[in-house]
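Have a look at the structure below, then the notes.
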Amino acid sequence: MNASVLTNTFEPTELAFLQRLFDEICAERGLAGGSLAANNLATQLIQLYQEGVRDPRDLHIHLDPDSRLEA
């Protein structure tokens with residue numbers, strides 16, 4: 001298991017990955033960086049990542065507001 005999962009810390013490469021994905025989804029949804037919706041997205045993204053969802057496509061699916069998946 002990845003040590004960062006156990007310690008709730010992120011490596012620089014993980015932070016860069018999460019930031020890129022966050023920026024991409026915000027752009028797709030037209031979200032301003034400091035908005036409540038963007039903050040909620042960031043919270044969900046980090047939670048999913050900490051739960052082990054690492055594939056960008058899977059993260060997109062889980063974060064899709066039209067998806068019927070229960071997180």
Could you report the tightest heavy-atom contact between [X] and [Y], atom names first, then the distance?
X   : Y   : value
A32 : A38 : O-CB, 3.1 Å
G33 : F22 : O-CZ, 4.3 Å
P56 : F17 : CG-CE1, 3.7 Å

Sequence-distant partners of R29, side chain to side chain contact (heavy atoms under 4.5 Å, CB included), two or more places apart | I25, L31, L41, L63, P65
For I46, check side chain to side chain contact (heavy atoms under 4.5 Å, CB included) against everything at least two apart and list the hits.
-> F10, Q50
Spacing of Y49 atom OH and L15 atom CG [to the nearest 0.5 Å] | 8.5 Å
Rounded to the nearest 0.5 Å, how far does CG of L59 lie from CG of L18?
->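 Atom-to-atom, L18:CG and L59:CG are 8.0 Å apart.
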Could you pull out all residues at least two apart from D23 that satisfy side-chain hydrogen bond (donor to acceptor under 3.5 Å, both in side chains)?
-> Q19
Output all residues satisfying side-chain hydrogen bond (donor to acceptor under 3.5 Å, both in side chains) with E24, sequence neighbours left out; order by chain, then residue number.
-> H60
